[in-house]
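The block underneath contains the structure these notes are about, expressed in structure tokens.
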Amino acid sequence: MSEITLTDNNFEQEVVEASKTMPVLTDFWASWCPPCRAMSPIIEELAKEYDGKIKVGKYNVEEGTVVAEKLGVQSIPAFFIYKNGVVIDSWVGAMSKEEVAKKIEKALL
Amino acid sequence: MEQLIIIGSGPAGYTAAIYAARAELKPLMFCGDEVGGQLITTTEVENFPGFPDGILGPDLMAAMRKQAEKFGTRVVEKKVTAVDFKSSPKKVTVGDEVFEAKSIIVATGASARRLNLPGEAKYYGKGLSACATCDGFFFKNKNLFVVGGGDAALEEAIFLTKFASEVTVLVRTDVLRASKIMQERAEANPKIKFMFNASIVGYVGDDKIVGARVKNNATNEEKDIPIDGIFIAIGHDPNTKIFEGQLALEKNYIKPVGFVGTEIPGVYVAGDVADWRYRQAISAAGTGCMAALEAEKFLAGNE
């Protein structure tokens with residue numbers, strides 16, 4: 001499955017609720033953020049490689065504000081992994097594909 | 001055994017890879033933590049020849065990688081954890097794997113310097129940032145500190161005034177190191193203030209930054225100043241930790257022998273890791289080219 005677009009309106013259902021059946025990796029990004037652009041193909045590849053195991057959603061901080069503020073996002077790219085309705089892992093900044101994969105593997109345990 | 005291992009994935013590493021791959025050396029590249037190097041966190045690159053309209057840093061690096069891979073470079077997104085250049089063949093350790101090679105190009109570059117104050121890691125993303133381009137947006141109508149006195153610091157400060165209500169530049173000494181043109185631009189900006197002889201010695205805040213402990217370097221007085229965000233722009237450090245005891249270092253930079261050689265035959269160095277003076281993408285690419293040509297010559301002579 002490819003990544004889905006997250007908004008303030010669908011976040012609760014697509015992330016928080018959905019994470020009760022499958023972990024969800026969320027990517028908070030913006031077009032003007034260079035490391036976000038660097039991460040974007042990595043996240044896209046991982047979404048394909050872990051198809052059926054995790055769900056991946058992208059939240060554009062220029063379009064949404066409520067969820068980003070609630071999570072205290074002050075730096076992007078910012079990533080949150082949800083499982084069973086709660087955040088189980090989060091980090092900011094660019095990271096190698098291998099390291100992100102490790103975090104996904106951990107969330108799948 | 002490998003003909004050539006390239007350590008690092010910035011302009012120096014990729015240029016070396018393009019040349020070496022075209023010379024059919026089938027180079028193996030280890031990218032390190034910051035895949036694509038420092039340009040990954042920059043926006044527009046306006047001084048790289050061939051791009052009259054500028055090019056985004058990540059796009060330039062993606063193109064270089066594609067070009068290196070096109071000619072047969074194997075790019076591995078892993079970090080080298082130790083090296084042994086004194087053995088024969090030379091050894092490169094990546095986690096629990098050891099690779100052997102006849103020749104090596106060191107192009108590990110430099111990374112943004114951090115203040116390394118207690119508890120610093122937890123504040124990144126919580127009011128502390130090393131990327132104004134990325135994070136300025138989150139500080140609309142806020143008061144900010146920019147730490148640093150060079151061109152990069154002033155560039156960040158000017159950029160941040162697009163969002164912030166006030167930006168105070170903290171300069172460690174009593175003078176700016178920045179170029180005259182940048183100083184003039186910053187001084188002309190009504191939202192920018194300067195605080196000289198000032199260093200941050202601690203962060204204030206439980207789960208995010210609400211202030212900073214600032215030391216006056218002239219009087220040694222310290223006081224807590226409320227602030228919404230802190231942006232760090234205090235320069236770069238070369239990534240040479242794994243080469244200590246292997247290659248000669250000078251002020252933490254690798255000290256080249258000749259243009260791109262080292263004291264060990266078959267080990268070459270390129271880019272910012274050996275360049276405290278110029279530190280440009282194009283000069284890094286240039287030395288990457290030289291290092292690959294030297295490695296090629298070395299390998300031909302050893303057959």
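Order of the sequence lines fixes the chain letters, A, B, ..., with proteins taken first and strands second; residue numbering starts at 1 for each chain. Side chains included, hydrogens not; waters and symmetry mates left out as well; all remaining heavy atoms used.
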Heavy-atom proximity to chain B below 4.5 Å, by part of A/Glu99: side chain

When the 4.5 angstrom heavy-atom criterion is applied to B/Asp59 and chain A, the contacting part is side chain

To the closest 0.5 Å, what do you measure between CD (B/Glu166) and CG (B/Asn143)? 5.0 Å

Is the distance between the ring centroids of B/Phe231 and B/Phe139 less than 6.0 Å? yes

Of all of B/Leu128, B/Leu39, B/Thr133, which one pairs up most often with chain A through heavy atoms under 4.5 Å apart? B/Thr133

Need one label for B/Lys78: side chain, backbone, both or neither, based on atoms under 4.5 Å from any heavy atom in chain A. both

Counting heavy-atom pairs closer than 4.5 Å to chain B, which one of A/Gln74, A/Glu98, A/Met95 comes out on top? A/Gln74

Does NZ in A/Lys103 sit with more than 12 non-hydrogen atoms of other residues, nucleotides or ligands closer than 6.0 Å? yes

Under 4.5 Å from any heavy atom of chain A, what part of B/Leu56 do you find: side chain, backbone, both or neither? side chain

Charged N to carboxylate O below 4.0 Å: is that the case for A/Glu49 and A/Lys97? yes

Can you tell which of B/Ile158, B/Thr161, B/Thr168, B/Leu144 makes a side-chain contact (heavy atoms from CB on, under 4.5 Å) with B/Lys191? B/Thr161

